[in-house]
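Worksheet for the structure shown next.
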Amino acid sequence: MSRQIVTRFAPSPTGMLHIGGVRTALFCWLFARRHGGRFILRIEDTDLSRSTDDNIRIIEEGMAWCGLDWDEGPVVGDPSAWKGPHGPYRQMQRMDLYRTKIQELLDKGLAYRCRCSRETIDERRKAVEAAGKVFQYNRGMDAGKGCADLGHDASEPAAIRFKMPTEGDILVPDLIKGNTRFPADSLDDWIIARTGDGPGQIGVPTYNFCVVVDDTHMEVSHVIRGDDHLNNTPKQIPLFAAFGYDLPAFAHVPMILGADGAKLSKRHGATSITEYQALGLLPSAVRLALARLSWTPKIDGRAVESAEEELLTDEQMIQLFDLADCQKSAARFDMDKLTWLNQKLIQRAPWQELEPHLRPFLPASWDTQPEAWKAQAIQCTQKGKSLTDMAEALRFAFERPTTFDEKAVEKFLTPTVLPALRDLAALTDYSHDALEAGFTAILERHSLKTKDLAQALRVALCGRPVSPGIYDTLMLVGRDEVLARLERWL
RNA sequence: GGGGCUAUCGUCUAGGGGUCAGGACACCGCCCUUUCACGGCGGUAACACGGGUUCAAAUCCCGUUAGCCCUACCA
């Protein structure tokens with residue numbers, strides 16, 4: 001009987017929800033969904049000095065906006081509530097478990113109390129480095145100088161260190177990177193719990209300790225995380241062994257770099273998911289773009305081969321997702337590709353589906369418009385690259401222009417078209433067909449080309465020579481308002 | 001400094017001994033056109049470097065270089 005597939009995304013609430021984190025979460029989510037498993041959101045808030053409730057909320061909201069729903073994890077807006085059988089899902093609320101497990105290690109002699117102060121360690125580090133060596137606690141030149149063999153009791157505050165193996169290699173099996181060997185002597189006895197507040201107290205455990213305990217107790221089958229954690233894995237593996245835990249499968253996914261190949265940071269533009277939302281991107285486009293960095297979907301064993309095949313739905317992504325088709329190397333973030341994906345997804349979405357995403361970018365009066373009007377407004381602007389483009393393209397429908405493109409006025413609102421404009425005011429039926437028929441008749445009467453009248457109208461109605469199809473423009477503005485806007489030119 | 005990961009068009013990538021090294025985005029050109037766009041068609045463009053192994057290397061091996069990660073009582 002095989003274990004159920006369980007993945008988890010375990011962000012630290014020390015800042016915005018980074019786009020790289022979202023990608024990791026997306027892979028975890030896709031993998032869980034692909035295998036009918038469970039996806040856990042766990043908050044790693046053991047860094048007391050940097051974690052905040054605000055940041056936890058930002059993570060939850062960002063995940064929700066991206067459509068990355070979790071089966072187990074915190075309940076949005078209620079710090080003391082959670083869903084799932086393995087809670088709580090905030091590490092600071094799991095201290096009792098950690099302390100029990102640390103005591104267990106202490107009792108078995110697999111960990112020890114360390115009373116070395118930061119100052120003394122700094123001194124020893126300097127000495128070792130002065131000799132041109134690498135400082136490692138209780139290794140090499142530092143061997144025997146620390147607390148490893150002193151058997152300190154709990155009478156004084158102490159940090160807890162884990163006894164790491166000193167010989168051989170530690171093998172890290174990985175579904176993406178393959179097998180990697182780390183020499184045991186490149187790792188030292190690391191701290192699993194910070195110095196406690198007083199004698200007998202065990203302080204807040206550190207990340208590398210909590211992940212091992214939590215991943216096991218939450219029955220995580222596949223640890224999918226950024227490859228910046230690959231180097232942490234050989235520290236964690238002996239800990240799994242010390243507890244007698246089974247090893248989960250590991251999959252370290254490559255980092256996302258900025259366009260210049262450097263670590264993705266603010267100077268590359270948007271890094272937090274909230275910024276992508278504000279840019280007018282569809283969550284589905286963000287998901288696809290992120291998924292396609294370092295992952296090549298294979299359809300019948302063949303990589304996608306056309307623009308059409310690039311446009312995968314969530315269902316297809318879930319169906320196709322396979323860690324074996326993931327790249328080992330880091331990928332640069334490509335805003336152009338995201339923009340293109342966004343445009344294509346906007347184009348093919350039913351207007352009703354687009355409406356809730358578009359609404360935040362439109363004036364409040366949008367809500368009072370009739371459904372048919374909304375449908376038309378959306379459909380005739382669905383060629384835009386983003387929701388913000390669409391909103392901008394619809395401005396004319398909400399506000400009377402206050403300024404006019406001078407060059408355009410000069411070029412299109414010529415004395416020869418004004419009589420045609422006057423005739424147009426006589427049209428009363430604003431259905432598409434009637435407008436077209438009326439238009440054609442007016443053009444013939446005044447020997448004008450479509451372009452002449454259409455452009456003149458655009459400038460008079462919108463202030464600039466750019467708008468949706470001219471009949472759409474007229475219909476969206478509405479007859480009364482068309483007449484009002486035309487008045488100043490006649 | 002030590003340890004680890006990585007390396008095909010500008011970008012994301014396919015390809016894993018014999019391919020004209022394929023696709024997508026971007027870019028350029030042409031066409032369509034009531035504006036802006038959309039759309040259609042076509043084009044430019046890559047195996048980091050140096051050694052091996054082999055009849056044959058982008059592909060396998062070694063080295064170099066470069067980038068990234070870890071080396072915290074951060075995660």
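Throughout, a chain's letter reflects where its sequence line sits, starting with A, and its residues are numbered from 1. Worth knowing before you read on, the calculation uses all heavy atoms, side chains too, and leaves out hydrogens, waters and symmetry mates. If you're wondering where the values come from, they're calculated on a predicted model, not measured in any experiment.
Checking B/C74 for Watson-Crick or G-U wobble geometry (two distances, each under 3.5 Å) identifies no partner in any strand. Taking a pair to require two hydrogen-bonding distances under 3.5 Å in either a Watson-Crick or a G-U wobble arrangement, B/U59 remains unpaired. Base-pair partner of B/C68: B/G4 (Watson-Crick or G-U wobble, both distances under 3.5 Å). For B/G10, the paired nucleotide is B/C25, the pair qualifying as Watson-Crick or G-U wobble because both relevant distances are below 3.5 Å. Of all nucleotides present, none satisfies the Watson-Crick or G-U wobble test against B/U35 with each distance under 3.5 Å. Across all strands shown, nothing is found opposite B/U19 as a Watson-Crick or G-U wobble partner with both distances under 3.5 Å. When both distances must be under 3.5 Å, the Watson-Crick or G-U wobble mate of B/C47 does not exist.
Rounded to the nearest Å, the gap between the C1' atom of B/C69 and that of B/A75 is 14 Å. Atom name C1', nucleotides B/C41 and B/C32: the rounded distance is 11 Å, in whole Å. Straight-line distance between the P atoms of B/A58 and B/U8: roughly 15 Å, to the nearest whole Å. Taking atom P on both B/A48 and B/A57, the two are 15 Å apart, rounded to the nearest angstrom. Atom name C1', nucleotides B/C20 and B/G63: the rounded distance is 33 Å, in whole Å. Between B/G17 and B/A56, the two C1' atoms lie 7 Å apart (nearest whole Å).
Aromatic ring orientation, A/Tyr137 versus A/Phe135: perpendicular (interplanar angle above 60°, classes split at 30° and 60°).
Residue contacts for A/Thr14: at a heavy-atom cut-off of 4.0 Å it reaches no nucleic acid atom on any strand shown.
No hydrogens or angles considered: a donor-acceptor pair under 3.5 Å links the side chains of A/Tyr112 and A/Asp189. In the model, A/Gln91 has a side-chain atom that pairs as donor or acceptor with a side-chain atom of A/Glu44 under 3.5 Å. Between the side chains of A/Asp142 and A/Gln136, no donor N or O sits under 3.5 Å from an acceptor N or O. In summary, the side chains of A/Asp54 and A/Thr52 do not present any donor paired with an acceptor at a separation below 3.5 Å, with no hydrogens or angles considered. A donor-acceptor contact under 3.5 angstrom links the side chains of A/Ser117 and A/Glu119, judged on distance only. A donor-acceptor contact closer than 3.5 angstrom is absent between the side chains of A/Thr14 and A/Ser51.
Under the 3.5 Å distance criterion, the side-chain polar atoms of A/Thr24 are matched with a main-chain donor or acceptor of A/Gly20. Between the side chain of A/Arg479 and the main chain of A/Ala425, a donor-acceptor pair closer than 3.5 Å is present. Between the side chain of A/Asp452 and the main chain of A/Leu448, no donor-acceptor pair closer than 3.5 Å is present.
In this model, the phosphate group of B/A75 is approached by a side-chain N or O of A/Arg194 to a distance below 4.0 Å at OP1 or OP2. For A/Gln382 and B/A37, the shortest distance from a side-chain N or O to OP1 or OP2 is not below 4.0 Å. Side-chain nitrogen and oxygen atoms of A/Ser294 include at least one within less than 4.0 Å of the OP1 or OP2 phosphate oxygen of B/U13. Residue A/Lys385 places at least one side-chain N or O closer than 4.0 Å to OP1 or OP2 of B/C38.
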Would you tabulate the nitrogen or oxygen pairs shorter than 3.5 Å linking the protein to nucleotides 15-21 of chain B?
from, atom 1, to, atom 2, distance (Å)
B/G15, OP1, A/Lys298, NZ, 3.3

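Per the geometry, CG belonging to A/Asp188 stands 12 Å off C1' belonging to B/C70, to the nearest Å. Residue A/Arg332 contributes atom CZ, which lies 14 Å from atom C1' of B/A46 at whole-angstrom precision. Atom P of nucleotide B/C38 and atom CD of A/Gln343 are separated by 6 Å, given to the nearest angstrom.
RNA chain B is contacted by A/Thr450, A/Lys451, A/Ala454, A/Gln455, A/Arg458 of residues 450-461 of chain A, taking any non-hydrogen atom closer than 4.0 Å.
A donor-acceptor contact under 3.5 Å links the side chain of A/Thr195 to the base of B/C73. Within 3.5 Å, a donor on the side chain of A/Asn231 pairs with an acceptor on the base of B/C69, or the reverse. Judged by distance alone with a 3.5 Å cut-off, a donor-acceptor contact links the side chain of A/Asn232 to the base of B/A75. One can find a donor-acceptor pair under 3.5 Å joining the base of B/C74 and the side-chain atoms of A/Arg50. For A/Lys383 and B/C36, a side-chain-to-base donor-acceptor distance below 3.5 Å is present, hydrogens and geometry of angles not being considered.
Nearest-nucleotide assignment on RNA chain B puts the 5′-proximal partner with A/Lys328, out of A/Thr296 and A/Lys328.
Applying the 90° criterion around 0 to the glycosidic angle, B/C38 comes out syn.
With distances taken from any side-chain atom of A/Val466 to the nucleotides B/C70, B/U35, B/C25, the minimum falls on B/U35.
Proximity of A/Phe162 to A/Lys235: side-chain heavy atoms (C-beta onward) are nowhere separated by under 4.5 Å.
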